[in-house]
Undergrad: 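Can you keep this structure in mind? I'll have questions shortly.
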Amino acid sequence: MRKFGYKTRSMAVKGKKLLEVEQLEVVFNTRDGEVKAVNKLDFSMQSGETLAIVGESGSGKSQTALAIMKLLAANGKTRGAARFYGRNLLEMTATEINEVRGEHIAMIFQDPTSSLNPYMTIEEQMLEVLMRHRKMSRKDARLRVLEMLTQVDIPDPERRIRQYPHEYSGGMQQRVLIAMGLLCQPELLIADEPTTALDVTVQDQIKRLMRELKEKFNTSILLITHDLGVVAGLADKVLVMYAGQLVESAPVDEIFYRPRHPYTAALLKAVPRLDQVGDYDMHPIPGNPPNLLKLPKGCAFRNRCEMAFDACAQMPEVREVAPGHKLRCFLDGGALK
Amino acid sequence: MLNYSLRRLAWAFPTLLLLITVAFFMIRVAPGGPFDSEKNLPPEIEQNLNAKYHLDEPLVQQYFRYLGQILRFDFGPSFQYRDWTVNQLIAKGFPVSLSIGALAMLLSFTLGIGIGTIAALRQNSVLDHGLMGYAMLGISIPNFVIAPLLILVISVYWGWLPSGGWEWNWRNMVLPVITLAMPVTAYIARLMRGSMIEVLHSDFIRTARAKGLSEMTVIRRHAMKPALLPVISFMGPALAGLITGSVVIEKIFAIPGIGSFFVQGAMNRDYTLVMGVVIFYGALIILFNFLVDLIYAWLNPRVHYK
Amino acid sequence: MNGAKQQPAVVKDAFAQALDVPQVAGRSLWEDARHRLFKNRAAVFSLGLLLLILVLVIVGPWLIPWDADFTDWDNIYSPPSIATGHYFGTDAVGRDLFVRTLQGGRISLLVGLVATVVSLLIGVTYGAIAGYFGGRIDQVMMRIVDIFYAMPFMFFVILLMVVFGRNIILVFIAIGAINWLDMARIVRGQTLSLKRTEYVEAAVACGATPLQIIARHILPNLMGVVVVYITLTIPQVILVESFLSFLGLGVQEPMTSWGALVNDGSQDMESAPWMLIFPAVFLSITLYCLNYVGDGLRDALDPRDRV
């Protein structure tokens with residue numbers, strides 16, 4: 001781990017948590033005023049663990065990921081801490097964070113077509129990662145890139161490596177981005193809606209690929225998604241966000257089988273299911289997520305919640321309702337089966 | 001790529017033909033012949049002159065004769081400068097115009113790209129607002145206003161540089177090149193700033209940053225090329241602008257370039273000269289546009305695959 | 001009875017609530033744009049200065065005691081002075097430069113407006129037709145625009161002046177005729193994207209004719225870009241006119257324009273610099289302000305730049 005201050009990978013792992021996010025806030029200064037996209041968010045990840053952050057668009061899940069990478073838009077500010085093996089990423093200088101990006105934490109994005117540079121060949125774009133972080137010679141780096149492309153099932157990599165992104169299909173582009181992210185075998189891979197922009201059949205392939213690679217490389221994944229189908233096969237823990245806040249977090253089985261927050265329950269009900277026979281109703285959540293510019297007082301989900309009652313006019317605190325299960329609601333899930 | 005080049009080249013020819021045709025007929029439908037100014041020309045001499053310049057033939061015949069001439073790169077004799085052919089005048093003026101124009105082009109592109117990039121990287125800073133304020137000044141104030149003012153201050157009051165005239169030496173070139181380059185520089189700076197800002201907001205730049213590349217590398221390797229593309233496409237219009245500007249600049253600084261001859265020709269209704277210059281510069285612009293298209297396609301991998 | 005009386009209040013309440021929401025979110029495009037334009041101090045300042053120049057140019061010549069072509073034999077080539085009453089000085093034949101500058105401004109601004117309208121009419125019609133019909137028609141029409149783009153237009157205008165003599169009407173038309181290309185391209189692009197909107201498709205489905213659709217749905221929605229390009233075309237046109245006049249190919253004596261005055265001034269600038277400086281300053285400020293207002297309008301109307 002060279003300049004960054006961790007001497008070797010194994011030393012870095014010893015005793016320190018992979019990622020600890022504490023009281024993270026992301027605030028944007030816009031023409032219409034301050035927008036708090038992420039509000040006092042806490043979570044942590046162990047090495048080898050996969051955490052899925054789930055929420056509707058505008059819930060702050062993507063901004064959380066970008067904040068950790070210090071890739072927020074110019075008008076965005078962060079508060080709190082995001083400790084990676086004990087060091088706060090948010091306080092790092094540009095040089096320091098650049099040692100982490102790509103080498104220790106890699107990121108793949110929602111829209112693969114626009115995320116690859118259309119003016120450079122795939123080869124150029126992949127080589128520069130290794131040449132930057134590993135100081136590899138071009139030749140060695142090229143071998144490694146070819147190997148990695150084979151891992152993500154790009155056929156005939158020798159030929160395709162010389163092509164430009166527009167000569168790839170969307171699914172292939174996302175494979176390239178995943179391969180690019182894994183080149184330096186990062187400890188953490190942040191995947192921001194990796195399947196959203198793809199066709200349904202391709203989505204499945206990418207999901208399967210990510211599952212395989214997770215096993216093979218033992219990489220922790222911070223998965224940002226609104227697709228609970230992606231979560232099911234991949235995540236160990238799930239964190240549900242609403243209006244910039246944590247509303248519930250728990251191991252994946254707890255979330256799927258014993259959701260305690262009305263919002264989590266509603267999200268699960270809204271997933272269309274093919275395994276149910278007979279009459280099947282879609283259950284979309286009524287209403288829209290609140291305007292972050294003028295959040296109502298109290299629980300942000302209150303006006304869409306079937307269970308809301310007087311107490312919800314106050315913001316409930318997060319509490320631990322079972323080991324590893326955190327909840328921001330006055331009700332306890334017992335009643336919400 | 002070859003295919004693409006040929007297709008672009010194929011478009012250059014009809015454009016050129018149209019240019020020649022429009023210029024030719026515009027001149028020939030004009031009221032009054034070229035020798036109208038010499039009022040007391042005896043009729044027989046005028047007839048001889050008309051015969052000499054083939055003005056007595058039917059219009060269509062004249063058109064094809066002229067087309068044939070131009071294919072041999074012969075613009076005919078000048079009506080006003082009796083001992084000169086238009087070719088000779090162009091050959092005499094072009095090196096002068098070219099050297100000033102090329103220097104101005106070089107200056108405006110390097111300066112414009114530099115200023116635009118700096119402004120984009122410091123978007124909304126005082127530096128950015130200052131640079132763009134100056135750029136707006138450069139676009140707004142015509143060079144025939146700037147040139148006399150510069151002459152007034154630098155040449156007349158301070159006596160640093162000659163106020164005009166032509167010799168092959170840098171002192172005579174400084175002021176014309178600067179004034180000629182100014183509006184183009186300003187335009188490129190604004191263009192470059194806008195496109196750089198847009199590129200820096202694109203997703204693939206975020207990917208490049210996520211790789212851990214330094215900001216310098218991100219800009220140099222990833223942002224520069226796409227940001228330059230609109231500037232490259234502007235090279236054609238920039239040349240047209242410089243050529244147009246050179247007409248005034250050459251007049252103001254008394255430089256014996258093509259522009260000076262052109263203005264003289266226009267004042268004296270020297271049809272062949274005016275036509276010759278229009279076609280010569282038109283062809284130059286068309287050729288240049290073709291080259292710019294090729295450069296653009298070469299830089300942009302998405303173009304020639306279409 | 002009681003219930004019936006109460007009901008309207010409840011309904012009204014619900015209405016008020018319902019109306020409350022759009023009041024927060026809904027600002028029309030134009031209101032929004034105006035709001036943003038007036039926040040842009042450079043644009044507002046430029047707009048004020050422009051209005052001032054406009055009023056001065058229109059009203060000024062009537063208020064100044066001198067006639068534009070009156071020769072003041074006592075004050076030939078006299079520098080600006082309050083004592084003589086020639087605040088901007090006089091020229092080689094003793095004409096008051098202040099009134100000449102304002103008269104020249106009338107011509108320059110008039111050319112700017114008229115030629116812009118000409119180019120607007122040609123450009124919008126051409127662009128809307130090409131964009132609306134699309135396909136082969138669009139391809140051919142845009143090819144023609146491409147070809148025109150490759151022409152050295154200033155030279156053609158000069159050629160026109162040479163052929164048909166120097167004539168102010170011709171200047172209007174010639175300049176308008178060369179400036180429509182940008183307008184046509186922009187309008188075409190906008191029309192293409194408007195055509196794909198659902199409300200236009202709905203109009204087509206209802207059996208509206210192309211002309212009706214262009215007039216009722218396309219043109220009103222082009223207002224934004226058109227306004228921006230009008231403000232940016234006017235300074236261009238003024239520049240072209242002054243360029244021609246500077247070369248002696250535009251406006252002819254005794255009429256004058258800022259370009260012609262700058263030309264006169266530059267001939268005598270060593271002995272009478274005021275003859276150059278006053279018209280040059282008027283011309284430059286006008287162009288500068290017009291460009292700033294155009295830029296401000298573009299920023300205000302273009303939702304892309306809202307960051």
Side-chain angles (χ1 to χ4, degrees), chain A residues 3-4 62 65-66 68-75 94-121 124-134 162-167 173 176-177 180-181 183-184 186 189-190 192 197, chain B residues 1 4 117-129 192-233 294-306:
Chain A
K3 282 181 213 156
F4 180 46
S62 288
L66 291 174
I68 291 169
M69 286 291 266
K70 279 178 84 85
L71 285 173
L72 288 174
N75 60 341
T95 328
E96 285 170 333
I97 191 77
N98 277 334
E99 293 293 326
V100 178
R101 289 172 179 166
E103 162 90 41
H104 301 288
I105 308 180
M107 187 156 181
I108 55 179
F109 299 96
Q110 178 168 356
D111 182 2
T113 306
S114 62
S115 294
L116 285 166
N117 188 332
Y119 305 98
M120 285 167 80
T121 59
E124 289 299 314
Q125 298 187 54
M126 294 191 74
L127 285 185
E128 68 181 358
V129 182
L130 290 168
M131 288 160 79
R132 157 80 178 84
H133 291 295
R134 291 291 154 86
R162 286 191 299 270
Q163 293 182 324
Y164 288 93
H166 68 267
E167 296 167 79
Q173 287 169 342
V176 167
L177 279 161
M180 203 183 304
L183 274 175
C184 294
L189 178 71
I190 302 179
D192 185 2
Chain B
M1 184 77 189
Y4 176 82
T117 309
I118 291 170
L121 297 183
R122 299 270 173 279
Q123 193 190 352
N124 291 332
S125 67
V126 177
L127 181 70
D128 177 28
H129 287 303
M192 184 70 195
R193 174 182 180 271
S195 76
M196 182 57 102
I197 287 173
E198 204 176 315
V199 170
L200 285 177
H201 279 116
S202 57
D203 284 354
F204 66 84
I205 293 298
R206 196 176 54 185
T207 312
R209 289 192 178 125
K211 287 177 187 173
L213 303 176
S214 69
E215 197 58 22
M216 255 322 267
T217 315
V218 169
I219 289 157
R220 218 188 49 233
R221 274 180 67 93
H222 288 268
M224 210 54 185
K225 195 161 130 183
L228 275 176
L229 286 175
V231 177
I232 301 284
S233 332
L294 291 194
I295 295 174
Y296 190 93
W298 176 62
L299 284 175
N300 188 350
R302 281 180 299 188
V303 168
H304 52 270
Y305 286 99
K306 267 199 231 149

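Order of the sequence lines fixes the chain letters, A, B, ..., with proteins taken first and strands second; residue numbering starts at 1 for each chain.
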Undergrad: Which bit of A:Leu177 comes within less than 4.5 Å of chain B, counting heavy atoms only: side chain, backbone, both or neither?
TA: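 Interface part for A:Leu177: side chain.
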Undergrad: What part of A:Leu66 gets within 4.5 angstrom of chain B, counting heavy atoms only: side chain, backbone, both, or neither?
TA: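 A:Leu66 touches chain B through side-chain heavy atoms alone.
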Undergrad: Give me the atom names and distance for the closest heavy-atom approach of B:Lys225 to A:Tyr119.
TA: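 That closest heavy-atom pairing would be NZ-O, 3.4 Å.
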Undergrad: Would you mind checking which part of A:Gln110 comes under 4.5 Å of any heavy atom in chain B, side chain (CB onward), backbone (N, CA, C, O), both or neither?
TA: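 Neither part; nothing is under 4.5 Å.
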Undergrad: Where does B:Leu229 contact chain A at under 4.5 Å (heavy atoms): side chain, backbone, both or neither?
TA: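 B:Leu229 touches chain A through side-chain heavy atoms alone.
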Undergrad: So, A:Ser115 side chain and B:Thr207 main chain: donor-acceptor pair closer than 3.5 Å or not?
TA: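 It does not hold such a pair.
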Undergrad: Distance from B:His222 atom NE2 to A:Glu128 atom CD, nearest 0.5 Å?
TA: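 With rounding to 0.5 Å, NE2 (B:His222) is 3.0 Å from CD (A:Glu128).
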Undergrad: Which of these, A:Glu103, A:Met107, A:Met180, sits in a side chain to side chain contact (heavy atoms under 4.5 Å, CB included) with B:Lys211?
TA: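 The residue from A:Glu103, A:Met107, A:Met180 that satisfies side chain to side chain contact (heavy atoms under 4.5 Å, CB included) with B:Lys211 turns out to be A:Met180.
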Undergrad: Taking all atoms of both residues into account, what is the closest heavy-atom pair of B:Pro301 and A:Pro118, and its distance?
TA: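 That would be CG-O, 3.3 Å.
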Undergrad: To the closest 0.5 Å, what do you measure between CD (B:Glu215) and OG1 (A:Thr95)?
TA: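 OG1 of A:Thr95 is found 11.5 Å from CD of B:Glu215.
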Undergrad: Which pair of non-hydrogen atoms, one from A:Asp111 and one from B:Asp203, has the smallest distance, and what is that distance?
TA: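 Heavy-atom minimum between the residues: CB-OD2, 4.4 Å.
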Undergrad: Is the number of heavy atoms from other residues, nucleotides or ligands under 6.0 Å of B:Arg221 CZ greater than 12?
TA: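 Counting neighbours around CZ of B:Arg221, more than 12 heavy atoms of other residues, nucleotides or ligands fall under 6.0 Å, so yes.
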